[in-house]
Amino acid sequence: MQGILKVYNTLSRKKEIFEPLNSPFVGMYVCGPTVYSDPHLGHARSNINFDVIYRYLKFLGYKVRYVRNITDVGHLTDEVADSGEDRIQKKAKIEKIEPMEVVQQYTNSFHQMLKKINVLPPSIEPRASAHIPEQIKITQKIIENGYAYESNGSVYLDIQQYAAKFKYGELSGRNTEELLEGTRALEGQEEKKNPMDFALWKKASPEHLMRWDSPWSEGFPGWHLECTAMSTKYLGNQFDIHGGGMDLQFPHHESELAQSNSCFGCTPAKYWLHNNMVTINGQKMARSLGNFITVEELTTGNHVLLEKAYSPMTIRFFILQAHYRGTLDFSNEALSASTKAYKKIINGLKIIKTLKPDEGANESINSTLDAEIIKFCNDCFLGLNDDFNTAATIASLFNLLKKINSFNTNQSDINTIQKSTFELLQKTYIDIVENILGLVEEKTTNSSGFINGLLELYSDAKNQKDYAKVDKIRSYFKSEGLLIKDSKTLVDWQYEE
RNA sequence: GGUCGCGUGGCCGAGCGGUUAGGCUGAGGUCUGCAAAACCUCCUACAGCGGUUCAAAUCCGCUCGCGACCUCCA
C-alpha cells in the first residue's frame, strides 16, 4: 500500500485515517441520479469524483463493492409538503409516455454520459422500483421498533420518538429541538404528528401512476427509504463509505441515517463523503434553477454559454484539477485551459510508454535529478492520500511531465537516473494518469505504421532541404489534428493542442 | 432569520504556522530553413482592519463581499 489514506468524514467534520470495517473488503454506496432528465456537469462531477475514489481504493488493493443506485420512483417535486408529484410521473405526463419509459430513456443517457467521461460501472446498480418488498420490510421493522407510525395509509418516521434515543441532525449539523420548534405546520401535512416527520410510505392518490401493495395502502415508498433498503441489502447493515453530493446531506442522508438507526440500531456508514457543487457565475448549477449545461451540450458546444465544444476528457480533467470538496466554477476560460493541459498530460503518456534508457549506458548518476523524480512520484500519492486531493496530484504529475519531455527531446539525459528510478517514473505516471485519474487518449490511431512512414518521408525531405514538401507533409498532419515535432535527434508526432 | 462554508497573482486552482504548488495566458531565451513542440527564465498573490507568535495566506476577533443547506437537486 502506498502510505496512509486519510478521508474527510462529514459525520465527524474531520479528516480520519481510512480503516475499513472488514479489510481488505470495502463497501461503498453512492447516491445516483433521479432519472427524469439528461445529466449535466454537476452529475459528471459527482460521478467522476467517486470514480476516482473507487479506482484509487482498488489500486490500493482493496476489494471494493461499489453500489450506485438509480432513483426511479418516490422522488416528489415537493417533499416538505409530501404532496408533490412524482418527478418521473410528471415527466411521463408531459411526454405522454409510460413512467418506465422515462426511466429507461434517462438511464440510458446517464450511462452514455458516464461511458464518454470514462467512469467505471459500479459493482451493482440497483433500482428503487425493484426493491419495493425490501422497503416495505424496513418500514415494518421501524414501526415495530416504535419509531414510525401509520396515518391514513401513509407511514412516517417519528422524529420526536427518534430524538429521544438518537440525535437527528448529527450528520448535517442541525439541532433537533430547533428543528422541531422552528418548523411550522404547512399544508398537506395534517397526517403528520410533527412537521419534521418524513414519509417512509405514501398512500397513492387516485391519479398516481406508480403504486404497489403494502400492509398500509396501495402506494409508494418515500424517497429516502430506497437508499437504506439497497445499501444495506448489498453491503450489510454497516458499510464503509456513503457518498453523494453535498446537497444531499440534508434531508436525504440525515434521513437515511435515521432510518438505519431506527431499523437496525446502528449508523449505516463509517465514512460519509460529500462532493461540492459545480457553480456557474458563482451560483450552484442545478436542474431546478435551470442554469445547467448538459454533458451532451458541452461536448457539442451547442449552448449559448459555450464558446466552443469541449471533449469528454477535457471535462474530466477540468473536474479533477480541483479538489472534490471545493466548489468548482464553470467558465470557458477554465475549460480552455483544461483542454491544453489535458493534451499535454496525454502526450506525456504516449512518450513515457515508449521511452527507455539506453542498454548498457554507463553515465554517472545525477543524484539531484534522481532524487527529484522520486520525490515527485511520491508527491503524486501524497496528494491522493490526503483526502483524494487530485489537484495536488496533478501538480506533481506536471512536474514529472517536464522531466519526461526533457528526456524525450534529449534536453536532459535519461541515462543519468537510476534504472529503478526510471521504472518508478514510468509506472507512477501511467498508474496515476490512466488507472487512477482515468484519463485516456481520446483519439486513438490504428495507423501508426502509416504515420511512421509519412514521418520517414518528412525526414527525407528535410534532409534534402525540400522545404515545400516538408511544409506539405506537415499540413497533412495538421489537418488530422496531429503535430510533427522536430528536435535535434528525432522526429516524432503528437496530438495538436 | 438559523446552521455551515468560502474570498489566493490576468484567469482557473492547491496549500491551511516557517520551503517556487501546478495549469492556462503574457514577456524573454535556447533550439529551428521557417515554424511548432519541448525545455529554461520572468510577471512572486493570498478581501480589509486588528490581534496571537521568533515567524501567518495558514490561528483568533471584527468588518466587507459571495455562496450552500434549512423544499427538490450530484
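Below, chain A is the first sequence line, B the second, and so on; all start at residue 1.
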From the list [options], which nucleotide is the closest neighbour of the side chain of [X]?
X      : options             : answer
A:L483 : B:C70, B:G13, B:A36 : B:A36
A:H323 : B:A14, B:G23, B:G13 : B:A14
A:A341 : B:C69, B:G23, B:A14 : B:G23
A:K462 : B:G33, B:G23, B:A37 : B:G33
A:R474 : B:A35, B:C39, B:G22 : B:A35
A:R174 : B:C70, B:C24, B:G23 : B:C70
A:P251 : B:C34, B:C40, B:U71 : B:U71
A:A337 : B:C24, B:C39, B:C11 : B:C24
A:K284 : B:C69, B:G23, B:U25 : B:C69
A:D486 : B:A68, B:A35, B:G13 : B:A35

Problem set entry | Contacts of type side-chain hydrogen bond (donor to acceptor under 3.5 Å, both in side chains), residue A:D72, not counting sequence neighbours |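 In terms of side-chain hydrogen bond (donor to acceptor under 3.5 Å, both in side chains), with neighbours along the sequence ignored, A:D72 is linked to A:S129.
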
For this session: Could you pull out all residues at least two apart from A:T339 that satisfy side-chain hydrogen bond (donor to acceptor under 3.5 Å, both in side chains)?
Result: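 With sequence neighbours excluded, A:T339 shows a side-chain hydrogen bond (donor to acceptor under 3.5 Å, both in side chains) to no residue whatsoever.
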
For this session: Determine whether the side chains of A:E191 and A:Y156 contain a donor N or O and an acceptor N or O closer than 3.5 Å.
Result: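 Judged by distance alone, the side chains do pair up.
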
Would you give me the side-chain donor-acceptor pairs under 3.5 Å for residues 313-324 of chain A, sequence neighbours excluded?
residue : atom : partner : partner atom : Å
A:T314  : OG1  : A:S311  : OG           : 2.9
A:R316  : NE   : A:L437  : O            : 2.7
A:R316  : NE   : A:G438  : O            : 3.3
A:R316  : NH1  : A:D51   : OD2          : 3.1
A:R316  : NH1  : A:I117  : O            : 2.9
A:R316  : NH1  : A:N118  : O            : 2.9
A:R316  : NH2  : A:D51   : OD2          : 2.8
A:R316  : NH2  : A:L437  : O            : 2.8
A:Q321  : NE2  : A:F318  : O            : 3.0
A:H323  : NE2  : A:D387  : OD2          : 3.3
A:Y324  : OH   : A:D387  : OD1          : 2.7
A:Y324  : OH   : A:D387  : OD2          : 3.3

Exercise. Excluding sequence neighbours, so at least two apart, what forms ring-ring contact (aromatic ring centres under 6.0 Å, His included) with A:F292?
Worked result: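 Partners of A:F292 by the ring-ring contact (aromatic ring centres under 6.0 Å, His included) criterion, ordered by chain and then number, come out as A:H40.
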
For this session: Return the stems involving RNA chain B, sorted by first number, where pairs are Watson-Crick (N1-N3 with N6-O4 or O6-N4) or G-U wobble (N1-O2 and O6-N3), both under 3.5 Å, and runs are 3 or more long.
Result: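 Expected stems, ordered by start: B:1-7 with B:64-70, B:10-12 with B:22-24, B:26-30 with B:38-42, B:47-51 with B:59-63.
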
Exercise. Are OP1 or OP2 of B:A35 and a side-chain N or O of A:K478 less than 4.0 angstrom apart?
Worked result: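 It does not, given that no N or O in the side chain of A:K478 lies less than 4.0 Å from OP1 or OP2 of B:A35.
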
For this session: Indicate whether OP1 or OP2 belonging to B:U25 is found under 4.0 Å from a side-chain N or O atom of A:K340.
Result: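 Indeed, a polar side-chain atom of A:K340 lies that close.
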
Problem set entry | Backbone N/O of A:L425 and side chain of A:T428: donor-acceptor pair under 3.5 Å |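 Pair absent, no side-chain N/O of A:T428 close to backbone of A:L425.
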
Problem set entry | Interface with RNA chain B, restricted to residues 387-394 of chain A and to heavy atoms under 4.0 Å |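 The answer is A:N389, A:A391, A:A392.
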
Problem set entry | Sub-4.5 Å side-chain heavy-atom contact between A:V67 and A:S123 |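 Answer no - side chains too far apart.
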
